[in-house]
Trainee: 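Quick one: this structure, given as structure tokens, is what I'll be asking you about.
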Amino acid sequence: MLSGRWIAPLLLAAGAVAAQEAPPEPLRPALTASIEVLDDGGRALDPVPPGEPFQLAVSVRNHAGPEPPAGLRLAGWLRRVSARNLPCHQAARAFFSTGSLPTDAVSLNGPVLGVLSEEGSFTVVDPAISLASANLIGAATLPEQPAALAAAPLWGGFLVSLPAAGEVRALTAFGARSRVVAGGLDRPTTLIADGAGGVWVLEEGAARISRFDGGGHKTATLAAVALSGDAATILFRDGAGGLQVLDAATATPLAVLPPAPDATAEALLPGPDGPVAVLRLTKNRLAVHYLDAPDSAREIALASPVARLAVDPAGRLAFAWDPAGGPVSVIDLARGHLARTVGAHGSAISEVVVLDRMAVLLRADQSEAATLALDSIRPGTEPQLGAVPLGAAAPRPVTAPGFLLAVPGGSKALAIHAQSFTGFVVGPTSAIGAAPPMASVRLRGGVPRTAAILARGFSETGPGRYRAGAVIPGPGRYELVLSTGVGGLTLCHEIPTLPLPGAQAPAARIAAEVDPVPAADGSRQVTLRIVGPDGLALPGVAGVLSVAALETGWLQRADWPERDERGSGMTLRLPARGTFVVTLSGADSAGVPPLVMELGP
């Protein structure tokens, strides 16, 4: 008989053994995501009509830490739901390896270019597609020549203002489908798409600005005669010449500057956490108004009269020029003085774009773009000014904006040469040699009048929250493929769409699950199952399974287990790589389409 002093240790030991043998918690990925499909007003959308823009709201959760990783980038595309599709992880691996998508996929990544022509047509081209005219992904004819064109990422396309019609229209990037988002306006002109899915519109006839949300509802109206700013901050001049600064999303006043009736241009001076000052330009003077003291200004004298203004994204330099002619004034904002004046071989400069490492200056005759290294602008040194030929000189100077655009990423610009219907990509090395840049985009439609670049993709709206605009190109079932890269978060999410008339999902299909770790001999273990339209395994299916390799002629056949009541499927060993076709034959195989799968390293 055991004494009491032995019973307690034995019970403890038994408890320890039980604890050691307890099943471990199931593994789960570090990142998971939830996806919402919304209309332009932010309401749940089910189903999604083909051809109508909608928004994808993604929330990413990090199970390995309190917040999602900083700098997380999402890539996504829409594809038709098909049993022949690669599994999500394999599709993501193929995209990140090749940088391209299947021809029928709708990409949500990378920039596209919207171009208004002199004839009133609107076209959208995708620079990633360069096969003849295949880069044209949208085209439309508008009832009149728009007064302004703006890219609107959260709208999934572009916005145009039609003064005579009194309308603002949204045009999708894919297909360029048009819809009215604001009507009954009094000569709308300037447009600014904000970062909350709204648009600010200047009505010149009524001398006011208004903000409309994605559903076309007016959320703010203020008296104004001029409008400028960016997606986060709005600048507007009132009738007395005063300049006001607003938060673009909420219309909250941030600062009020004193009147300056002779001001010709304004711009925001960026800081690490938002704008820190407003730059106000007169004919030969630049005034810097800091937002914490807007009534006082630091004035910088310029060498010649100027009319336009561009600011360095780092907030160190400003460029002022007159498209009618004269040199470009380069202002050192940190030191508060005119650093120097530059010109492009004596020609008038129509536009200036300031990038992270250089400034690009476009000649008014469009024959040449000049590049200026920003780090060469310092006391006691000559600026490094390079020449990039674009083509033949235009018969008349082109002074309207919209022919020199910053490419998303901050290191390159797109210079449009209207006569050759070509946009040239100008980068840090483009001035080496005497030839036009190697990278270019062929434009479609009529003679270009103005253009805008839309940065497709998921914009971060908060910690772990992302949003993107999209459109389903036509009827049928579509799914979103979302990925942060190979080895990260990858998932597929079906978009709720209208069913095709008379279409029925296949009664069954073949699904494959590939073991990501190859065996010692290099073979791969693949588990095949017969599943229904709901994705659940169908037990009790009988037939002969055939797996054939397209490249080598390798073939394997096996009887499908008739009494597989749990739907556990069949596990096979396949060669390490190749493209395989899986078919099921027999009495139960009617309506089961073949499966094409690709195995790689």
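Note that the numbering runs from 1 along the sequence shown for the chain.
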Trainee: Can you sort out the partners of F236 under ring pair (Phe, Tyr, Trp, His ring centres under 6.0 Å), two or more places apart, ordered by chain and number?
Mentor: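 Checked F236 against ring pair (Phe, Tyr, Trp, His ring centres under 6.0 Å); zero matches.
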
Trainee: Using only atom types and a distance under 3.5 Å, with no angle test, would you say the side chain of W200 pairs donor to acceptor with the backbone of S210?
Mentor: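 Answer holds: no.
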
Trainee: Could you tell me whether the side chain of E144 and the main chain of A165 form a donor-acceptor pair under 3.5 Å?
Mentor: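 Indeed, once roles are kept as given, a pair shorter than 3.5 Å links the two residues.
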
Trainee: Can you tell me if T264 uses its side chain to pair, donor with acceptor, with the backbone of L281 under 3.5 Å?
Mentor: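 Checking the backbone N and O of L281 against the side chain of T264, a donor-acceptor pair under 3.5 Å is found.
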
Trainee: Can you sort out the partners of R378 under salt bridge (charged side-chain N to carboxylate O under 4.0 Å, His left out), two or more places apart, ordered by chain and number?
Mentor: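 Counting only residues at least two positions away or on another chain, R378 forms no salt bridge (charged side-chain N to carboxylate O under 4.0 Å, His left out).
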
Trainee: Run the salt bridge (Lys or Arg N to Asp or Glu O under 4.0 Å) check on D126 and R456 step by step: do they pass?
Mentor: CA-CA 11 Å; D126 188 343; R456 293 179 299 185; 3.2 Å; yes

Trainee: Assess whether salt bridge (Lys or Arg N to Asp or Glu O under 4.0 Å) is satisfied between R177 and E52, documenting all intermediate values.
Mentor: CA-CA 8 Å; R177 293 177 174 89; E52 294 295 328; over 6 Å; no

Trainee: Mind listing the closest non-hydrogen atom pair of T189 and A148 along with its distance?
Mentor: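 Heavy-atom minimum between the residues: O-CB, 3.2 Å.
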
Trainee: Report the relative orientation of the aromatic rings in W77 and F95; use parallel for angles under 30°, tilted for 30 to 60°, perpendicular for over 60°.
Mentor: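 Aromatic pair W77/F95 classed tilted.
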
Trainee: For S117, does its backbone N or O pair with a side-chain atom of R449 as donor and acceptor, under 3.5 Å?
Mentor: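 Side chain of R449 to backbone of S117: no pair is present.
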
Trainee: Report the C-alpha distance between T219 and R211 in whole Å, list the side-chain angles of each, state the deciding distance to 0.1 Å, and finish with yes or no for side-chain hydrogen bond (donor to acceptor under 3.5 Å, both in side chains).
Mentor: CA-CA 6 Å; T219 63; R211 183 187 184 273; 3.2 Å; yes

Trainee: Sequence neighbours excluded, which residues qualify as salt bridge (charged side-chain N to carboxylate O under 4.0 Å, His left out) partners of D322?
Mentor: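 Applying salt bridge (charged side-chain N to carboxylate O under 4.0 Å, His left out) to D322 gives none.
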
Trainee: Any donor and acceptor pair, going by atom type alone, linking the side chain of N109 with main-chain N or O of G76 inside 3.5 Å?
Mentor: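 Looks like yes, one N/O pair under 3.5 Å.
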
Trainee: Taking all heavy atoms of P188 and all of V201, pick out the closest pair and write down the distance.
Mentor: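 Nearest heavy atoms, P188 then V201: CB-CG1, 3.7 Å.
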
Trainee: Quick one: do D238 and R208 make a salt bridge, cutoff under 4.0 Å?
Mentor: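 No, no charged N to carboxylate O under 4.0 Å.
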
Trainee: Answer yes or no: are there more than 12 heavy-atom neighbours, outside K218 itself, under 6.0 Å from its atom NZ?
Mentor: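 Counting other residues, nucleotides and ligands, NZ of K218 exceeds 12 neighbours.
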
Trainee: Mind checking what makes salt bridge (charged side-chain N to carboxylate O under 4.0 Å, His left out) contact with R169, not counting sequence neighbours?
Mentor: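 Partners of R169 under the salt bridge (charged side-chain N to carboxylate O under 4.0 Å, His left out) test: E167.
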
Trainee: Test your reading of the model: is there a side-chain donor-acceptor pair from E368 to the backbone of R363, 3.5 Å cut-off?
Mentor: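 No, the answer is negative, given that no donor and acceptor are paired below the 3.5 Å cut-off.
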
Trainee: Among residues at least two apart in sequence or on other chains, which ones pass salt bridge (charged side-chain N to carboxylate O under 4.0 Å, His left out) with R340?
Mentor: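 Scan of R340 (salt bridge (charged side-chain N to carboxylate O under 4.0 Å, His left out), adjacent residues dropped) gives none.
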
Trainee: Do you know the tightest heavy-atom contact between L279 and A318?
Mentor: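 Answer, listing the atom of L279 first, then A318: CD1-CB, 4.1 Å.
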
Trainee: Between R298 and L333 (side chain of the first, backbone of the second, donor and acceptor by atom type, cut-off under 3.5 Å), is there such a pair?
Mentor: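 It does hold such a pair.
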
Trainee: Is there side-chain contact between V37 and L56, with heavy atoms separated by less than 4.5 Å?
Mentor: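 Counting from C-beta outward, V37 and L56 do come under 4.5 Å.
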
Trainee: Just jot down the ring pair (Phe, Tyr, Trp, His ring centres under 6.0 Å) partners of F319, sequence neighbours excluded, or say none.
Mentor: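 Ring pair (Phe, Tyr, Trp, His ring centres under 6.0 Å) check on F319 returns nothing, list empty.
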
